[in-house]
Amino acid sequence: MLKKVIGQKAAELGIDLLGFSGARELDEVKRCLVKRRDEGRQTSLEWQDIELRVNPRLLLPGANTIITAAISYFTANHARTSGMCGTLSRSAWGTDYHRVLGSKLKALAQYISESTGTTTKVFVDTGPPVDRALAIEAGLGWQGKNCAVISPDYGSWIFVGHIYTELELFHDRPLTRECGECELCLKACPTGALGEPYVLDPMRCVSYLTQMKGFVPNEYRHLMGVKVYGCDTCQEVCPVNRDVKPSQISDFYPNQASARPDLLELIQINNRGFKALFGQTAAGWRGRTVLQRNALIALGNLKNPAAVQPIAACLTDVRSVIRGHAAWALGQIGGHISLAALLQAIERETDPVVREELGAAIHGLEGYVSKGGVST
Ligand code: SF4
Ligand code: SF4
């Protein structure tokens with residue numbers, strides 16, 4: 001009865017899916033996380049304390065049930081595709097979901113606490129809980145071979161959050177559905193991050209690479225295409241994601257300027273402009289430098305000579321990561337103007353890592369120029 005009342009309240013709040021699981025220690029998840037850490041595949045974006053991640057009672061002593069909620073963020077595709085534009089993952093097209101889902105879960109948790117006199121705790125992505133494992137335990141979806149949670153009605157376009165509660169509630173069962181013979185996501189992954197079904201190497205995943213700080217390993221840059229934040233490739237190809245119900249939340253409908261950002265504007269944007277463009281989105285938290293670095297990689301991949309002058313201006317930027325990736329981008333585009341800018345830059349550059357980037361770009365272009373292969 002109480003479960004039904006909570007479900008009705010959740011629906012009133014605009015929550016699409018709700019499931020209940022026991023607040024038990026997740027032994028299998030712990031084994032996977034420990035193995036990944038020991039193999040050096042734990043990313044800086046993950047919560048580092050594995051015990052906190054898998055033991056609910058360390059987060060809420062007395063927790064008996066975890067209520068897992070999901071909302072769809074699937075919206076119609078945006079139209080702007082011409083020019084030198086980058087792409088953001090669908091998850092960052094609209095208003096930051098941490099705010100949207102967070103406010104719904106806080107309202108639901110408050111309702112539960114007040115009506116039952118029990119303690120609750122809310123988590124939306126930023127805390128230790130392992131979202132996917134809990135969503136599967138609660139029967140919201142099954143684990144796809146791309147490691148996403150796939151719900152029958154909304155596909156994998158869902159944001160997930162949790163309420164830990166002291167209440168004893170009847171638990172839902174995990175779904176029995178599976179991917180079957182399909183392997184489309186494995187074949188589509190640009191970096192081989194999905195080397196085998198159900199195993200994601202986060203260090204090779206473009207989604208992680210676009211969010212990590214510092215220099216992106218050279219071998220992945222040309223595989224990132226024009227992705228400025230996140231990667232949806234393994235979700236876009238998934239047949240389950242084709243005919244899904246759209247999101248009922250208008251906040252997730254795309255803001256064209258930030259969902260398909262103009263790359264030249266992005267590499268020149270100041271802090272105020274960045275905040276205005278991305279401050280409300282889920283991409284904003286990573287900050288201007290990371291997105292500008294990704295924009296330089298995207299411009300290098302587009303190889304449009306019209307971008308050379310604005311990229312060359314980045315060779316004098318105070319941030320070494322921007323100078324280094326500008327050098328790489330010019331090396332990809334090529335031409336006499338790029339080479340001249342790189343030669344000038346290496347004369348004044350003192351940072352050894354940037355000097356290495358400049359040297360590699362120059363080396364590549366000198367060979368190309370000597371073969372007469374440039375036109376700009
Ligand atoms: S998000 Fe992109 S890079 Fe990561 S596993 Fe999926 S397709 Fe591969
Ligand atoms: S693309 Fe195929 S294998 Fe991959 S998650 Fe979707 S259904 Fe599963």
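If you read the sequence from its start, that first residue is 1, and numbering goes on from there. As the structure lists them, so they are numbered: ligands from 1, and atoms in each ligand from 1. On a predicted model such as this, the values are computed, not experimentally measured, just so you know.
- Close contacts of ligand 2 with C182, meaning ligand atoms under 4.0 Å from a residue heavy atom, involve 1 (S), 2 (Fe), 3 (S), 7 (S).
- Of all atoms in ligand 2, listed by their number and element, those nearer than 4.0 Å to a heavy atom of C179 are 3 (S), 5 (S), 7 (S), 8 (Fe).
- Between H162 and Y164, the ring-plane angle classifies as perpendicular under the 30° and 60° cut-offs.
- Across all their heavy atoms, N301 and M224 have their closest contact at ND2-C, 4.1 Å.
- Aromatic rings of Y73 and Y154 (six-membered ring for Trp) have centroids beyond the 6.0 Å cut-off, not under it.
- Atom numbering of ligand 2 starts at 1 in the shown order; those under 4.0 Å from a heavy atom of K145 are 3 (S), 5 (S), 8 (Fe).
- Under the 3.5 Å distance criterion, with hydrogens and angles disregarded, a donor-acceptor pair is assigned to the side chains of Q235 and S156.
- For ligand 2, the atoms lying closer than 4.0 Å to a non-hydrogen atom of I150 are 5 (S).
- Shown here is K106, whose NZ atom has no more than 12 heavy atoms of other residues, nucleotides or ligands within 6.0 Å.
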Exercise for review: Under the side-chain contact (heavy atoms from CB on, under 4.5 Å) rule, what do V124 and F159 come out as? Steps first, then yes or no, please.
Suggested key: CA-CA 9 Å; V124 179; F159 294 130; over 6 Å; no
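- For atom 6 (Fe) of ligand 1, the tally of protein N/O/S atoms lying closer than 2.8 Å stands at 1.
- Contact of the N64 side chain with the L167 side chain is not registered, since no non-hydrogen atoms from C-beta on lie closer than 4.5 Å.
- Listed by atom number, the atoms of ligand 1 under 4.0 Å from T191 heavy atoms are 3 (S).
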Exercise for review: Evaluate side-chain contact (heavy atoms from CB on, under 4.5 Å) for D351 paired with E349, printing each intermediate quantity in order.
Suggested key: CA-CA 6 Å; D351 184 306; E349 184 60 60; 3.2 Å; yes
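- With hydrogens and angles left out, the side-chain atoms of T289 and R319 include a donor and acceptor closer than 3.5 Å.
- Counting only heavy atoms of the protein, atom 6 (Fe) of ligand 2 lies nearest to C238 SG, 2.4 Å.
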